[in-house]
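Shown next, in structure tokens, is the structure this report addresses.
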Amino acid sequence: MTTFYQHLGIENNFNKLNMEQIIEIKKNKTNYVQIELREYEGHKYVDVREFYDDKEGRRLPTKKGITFSPTVLEQVIDGLTILKNGIDE
């Protein structure tokens, strides 16, 4: 089975990606949601992924997440805003 990072050809070696910005949200004691703007082979991507801290303290990605083109970012933000407004009512 090919992981997300192997699919991108980096096999969990984050240094091969140009990470322009990372936003981290603590989900619980050991899990985090990271929102990252990445660039790979000249193309930018938005990656929203759950990470966890292993027993050695390394932060590792899970399979839970989504990667999409920045061209749909406004639609994602609009959708999240609609959901948030529904929660606030």
Distance col, row L60:CG vs D54:CG, nearest 0.5 angstrom, shows 5.0 Å
Are R59 and Y52 in a cation-pi setup, meaning NZ or CZ lies under 6.0 angstrom from the ring centre and within 45 degrees of the ring axis? no
Enumerate, atom names and distances included, each donor-acceptor pair closer than 3.5 Å involving a side-chain atom of residues 69-80, sequence neighbours excluded.
from: S69; atom 1: OG; to: T71; atom 2: N; distance (Å): 3.2
from: S69; atom 1: OG; to: T71; atom 2: OG1; distance (Å): 2.9

Could you state the interatomic distance from CD1 (I22) to CD (E36), rounded to the nearest 0.5 Å? 4.5 Å
Side-chain donor-acceptor pair present, T67, D47, cut-off under 3.5 Å: yes
What's the separation between atom OH in Y32 and atom NZ in K27, rounded to the nearest 0.5 Å? 13.0 Å
With N85 via side chain to side chain contact (heavy atoms under 4.5 Å, CB included) - residues at least two apart: T81
Should F51 and V33 count as side-chain neighbours, where that means a heavy-atom distance under 4.5 Å? no
With rounding to the nearest 0.5 angstrom, report the CD1 to CD1 distance, I25 to I35. 4.0 Å
Could you tell me which residues satisfy salt bridge (Lys or Arg N to Asp or Glu O under 4.0 Å) with K64, sequence neighbours excluded, listed by chain and number? none
Indicate yes or no: at least one non-hydrogen side-chain atom of N31 is less than 4.5 angstrom from one of E50. yes
Cluster link I66 to I23, ILVMFWY, side chain under 4.5 Å: yes
Side chains of H43 and Y45, heavy atoms from C-beta outward: is any pair under 4.5 Å? yes
Nearest heavy-atom neighbours spanning E39 and K44: OE1-CE, 3.8 Å
